[in-house]
Amino acid sequence: AVVRTTRGSMDGVVVYGATPAGCAAAIAAARLGLTVSLLDPGLRVGGMTSGGLGHTDVGLEGRELGGITREFYSRVGETYGGAPGTVCFDIEPHVAEAVYTAMLSEANVNITLGVAISAATVTAGAITSISVLPTVVDTDHHRLRDPTAALPVAGRVFIDASYEGDLMARAGVPFTVGREGADQYNETDAGRLAPNNVLARYQFQRPLPHTTPRGRLLPMIYDGPIAKVGDADAKVQAYTYRPCMTKLAGGCGVPVGKPRAYDPSRWELFRRLLTSSRYSNLTAADFLYFAGPLGNKTGLAAKFDVGTNGAFSLDYIGASWAYPNATRAQRASIIDDHVQYTLEFLHFLSTDPAGSPQLRADVASYGWCADEFVDEGNFPTSALYVREARRMLGSAVFTEQDHVSSRTKSDTIGMGSYNMDCHMVERIAVNESWVLNEGWLTRDFPRIPFELPYSLMVPPRTKASNLLVPVAVSASHVAFAGLRLETTWSILGQAAGVAAAIAANVTASSVQDVSVPRLQALLRSQGQLLTLDEVLPAGPPTHCGQPA
């Protein structure tokens, strides 16, 4: 990636977080003539799209995508040899990084990677600068911060495009973490859910003994307070990694390393699940979701974005709750814990006698892709999949009703289209016989387009008059579950970049005073699709072939 040290510009735009939202925001503002600084604590631009989430979820086959978002996927398709206008939604991580880097470079965006925000200076309700600290990667790839060399970055308008909402929080903008109760916004699936009616492959399907000989719950079962069904709690859905994997027999893989420390007793519940199974032909695909192939590499050379599949899988249930508001040292520990969990999970599946020889051999036949995440030992340590963290409390809150019934907005700046998608939040013992996973939204909403209001990313005027937040948006937990796609973040990011450019070019203007008609006109001129009647009649042609 291109890395340039920047101190920002008093007349420019500062974007924190090189997620798809941050990249789109930076490109959009820079193309409108603004000086733009893009900063990120990680090692690459592109967020999860370049961090392992190569398989792109889209609600309407891409018919809702326009503007910079469509341009990115088209340029990926062209990278793979497709004709102009074709797209690719199954992307190798290094290709996603290369395409984003090229688009940012062409727009003359100043990029600084490896820096994490430590403070924000706010004067009279406006951010004047932020301070960032260099990020250090030690020999175990922990994410650590050096507290001795803060770098101030000044700007006229700021955009918090981080998954965590870290700039927003440091600027004093109000936010929430966790699940609202069902009565707060009158949402069907709010609050703690009943752990039934979950898709079978993600749930325990039979009772299991789940205590030690002394009657204590086995590891990886939560034994603390549990909210009543429908009540609020401060818990967030599981985080995970999305490693890029391939068959070792293809000659393009690297064996999965052993965990730093492995305690077989930690996996006793999973062991009991395997030994109780009535199936004898389990394979890796029963516990891992192989999305792809990426780039349409085929046969033994095929590469996959590997995700969760099963009651036990890569989702580290219950380990994410402290992350949103954790200190930098605590986050480093949580990240390391997730890395070790991933390695232990794969080690258990490939070695433990509870699994059949067929299962163990199948899991062991996969390795990391040798050409991905080379600077991190082929595993994306710096790209923990933070599915949900802080959510801003703006002047308006986007809820389930805005997604399902009140789908048109006068201040629309793009469209979403996905169903509510929330992974498990906790694993609990519901009685002496059953342990169950809880948190998966029980009602699969239809994939219908809905308009995204500008108010989603606008803080209260009295808190931050020059900040836009296109990822940690002002939405309920339930509604956020239908927003949290990388494509949606990109759509919101482009709108944030254009709005920031408008605000930066008007003396004493605030983001709250941006002319929505002007914003909408500029977005349409850039190809963004804004309203339900603009959804394309057919999805774009797709092409994912061998890289050129």
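- Residues satisfying the side chain to side chain donor-acceptor pair (under 3.5 Å) test with Arg518, not counting sequence neighbours, are none.
- Counting only distance, with no hydrogens or angles, the side chain of Thr240 and the backbone of Leu314 share a donor-acceptor pair below 3.5 Å.
- The shortest non-hydrogen separation linking Ile317 to Met424 is CD1-CB, 3.7 Å.
- In this model, a donor atom of one side chain and an acceptor atom of the other lie less than 3.5 Å apart for Tyr80 and Glu92.
- No donor-acceptor pair under 3.5 Å is formed between the side chain of Ser105 and the backbone N or O of Thr101.
- Under 4.0 Å is where a charged nitrogen must lie from a carboxylate oxygen, and between Asp231 and Arg192 no such pair does.
- Nearest heavy-atom pair across Leu456 and Ala475 is CD2-CB, 4.4 Å.
- With Ser50 contributing its side chain and Val45 its backbone, the two residues share a donor-acceptor pair below 3.5 Å.
- Counting all heavy atoms, side chain and backbone alike, Glu400 lies closest to Asp189 at OE1-N, 3.8 Å.
- Using a 4.5 Å heavy-atom threshold, the side chains of Met392 and Pro459 count as touching.
- Rounding to the nearest 0.5 Å places CG of Leu113 at 7.5 Å from CG of Leu38.
- Of all heavy-atom pairs spanning Tyr239 and Pro324, the tightest one is OH-CG, 3.8 Å.
- The ring of Phe480 has its center closer than 6.0 angstrom to the ring center of Trp489.
- The closest side-chain heavy-atom distance from Arg524 to Thr531 is below 4.5 Å.
- Between Thr487 and Asp57 the shortest heavy-atom distance is OG1-O, 3.8 Å.
- Nearest heavy-atom pair across Glu534 and Leu529 is OE1-CA, 3.5 Å.
- For the pair Arg331 and Tyr323, the cation-pi criterion (under 6.0 Å, within 45° of the ring axis) is fulfilled.
- Note that CG of Asp233 and CH2 of Trp321 are 8.0 Å apart. Values are rounded to the nearest 0.5 Å.
- Aromatic ring pairs are classed by plane angle as parallel below 30°, tilted from 30° to 60° and perpendicular above 60°; the pair Phe72 and Tyr100 is parallel.
- For Ser476 and Glu180, the side-chain atoms include no donor-acceptor pair closer than 3.5 Å.
- Separation of atoms CG (Leu522) and CD (Gln494) is listed at 10.5 Å; rounding is to 0.5 Å.
- Side-chain contact, Ser510 with Ser465: no donor N or O sits under 3.5 Å from an acceptor N or O.
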